[in-house]
Amino acid sequence: MRLVLVACVFALALGACDGSSSQTGSTTSTTTGSTGTPAGPCPTFHGTTARAASVGPRPIGFLTDATAGVAGCLDQVMFSFRSLGNGTPPGYVVEYKDPPFSDGDPPREFSLDGAAFLSVTIAPAASFDVTQEDHPRTYFGNLLLQYDDHHHLVLVRKFDDALGTVRWVIALDGKRPFVVDSAADPTRITVYIG
């Protein structure tokens, strides 16, 4: 029941921002942490700055696309997947982390432009199909996402996959409340930033 209430509240908040209240596909969202307060140019948006997570048994998802831009008064970063299950998206952990960040093999540290950083870890997931012998790539997009319009995004960067996870960092102009939505048809995980 609580999950349905969270999904309804999210739908109303998003609809108030972009002028529509329709959603496609089935939506599930699990957020841990406290609810934030309205702020900035999106006064009806109630996100959080606390860690958000969706856990439990999930089928592996193969990353196929990633986009960033605006959705009304919110910034939106969406990760699309091909699921080996019934369309259920993989799990996620989204939380603010401090730099420096490390990536590659051997690991190397680097810094990113921005004042606050949302770390996005999605699992079980991969950017290549581990079920096939030659492990073909499933994600052919950019490591740095391109977007035209945005409110608070500075950049969105993909890290190398590691131990059954797909990893990204969303750099922002400051610490902002966010909501994570996961849905099927199509399989996706979306981070909305207010």
Is I193 close to L118 at the side-chain level, that is, under 4.5 Å between some pair of heavy atoms?
yes
Derivation of the side-chain contact (heavy atoms from CB on, under 4.5 Å) call for F101 and V169:
CA-CA 9 Å; F101 300 100; V169 169; 4.1 Å; yes
Using only atom types and a distance under 3.5 Å, with no angle test, would you say the side chain of Y96 pairs donor to acceptor with the backbone of R176?
yes
Please check if the side chain of H151 supplies one atom and the backbone of G69 the other of a donor-acceptor pair under 3.5 Å.
no
Please check if the side chain of T138 supplies one atom and the backbone of L63 the other of a donor-acceptor pair under 3.5 Å.
yes
Transitive ILVMFWY cluster of F62, excluding itself - 4.5 Å side-chain cut-off
I60, L84, F128, V130
Applying a strict under-4.5 Å side-chain criterion to I, L, V, M, F, W and Y, I'd like to know whether L153 and V70 cluster together.
no
Check salt bridge (charged side-chain N to carboxylate O under 4.0 Å, His left out) between R82 and all other residues, then give those that pass, not counting sequence neighbours.
D129
Is there side-chain contact between T88 and P59, with heavy atoms separated by less than 4.5 Å?
yes
Pair F110 + F159: ring centers closer than 6.0 Å
yes
In short, side-chain hydrogen bond (donor to acceptor under 3.5 Å, both in side chains) pairs touching residues 111-122 with sequence neighbours left out are none
Hey, could you give me the CD/OG1 distance between E95 and T49, rounded to the nearest 0.5 Å?
12.0 Å
Set of residues satisfying side-chain hydrogen bond (donor to acceptor under 3.5 Å, both in side chains) with respect to S127, sequence neighbours excluded
K158, D161
Under the side-chain contact (heavy atoms from CB on, under 4.5 Å) test, residues paired with D98 that sit two or more places apart
none
Who are the salt bridge (charged side-chain N to carboxylate O under 4.0 Å, His left out) partners of D65, not counting sequence neighbours?
none
Drop me the distance from R51's CZ to K97's NZ, to the nearest 0.5 angstrom.
8.5 Å
If hydrophobic residues (ILVMFWY) are linked whenever their side-chain heavy atoms come closer than 4.5 Å, directly or via other members, who joins M78 in its cluster?
none
Hey, what else clusters with V93 if you join Ile, Leu, Val, Met, Phe, Trp, Tyr whenever side-chain heavy atoms sit under 4.5 Å?
none
Backbone N or O of P89 within a donor-acceptor pair of the R58 side chain at under 3.5 Å?
yes
Do V77 and T190 have side chains that approach each other closer than 4.5 Å (heavy atoms only, starting at C-beta)?
no
Restricting to ring-ring contact (aromatic ring centres under 6.0 Å, His included), what partner residues turn up for F79, sequence neighbours left out?
W168
Applying side-chain contact (heavy atoms from CB on, under 4.5 Å) to A162 and not counting sequence neighbours gives T165, R167
Residue pairs passing the salt bridge (charged side-chain N to carboxylate O under 4.0 Å, His left out) test where at least one lies in residues 131-140, sequence neighbours excluded
none
Can you tell me which residue among V179, D75, D181, I170 is in a side-chain contact (heavy atoms from CB on, under 4.5 Å) with V191?
I170
So, F45 versus Y192, ring centres under 6.0 angstrom or not?
no
Min side-chain heavy-atom separation V180-I189 under 4.5 Å
yes
Test question: given the 4.5 Å side-chain rule for I, L, V, M, F, W and Y, name all other residues clustered with L143, or answer none.
none
Is the backbone N or O of G91 less than 3.5 Å from a side-chain atom of S54, with the two atoms forming a donor-acceptor pair by type?
no
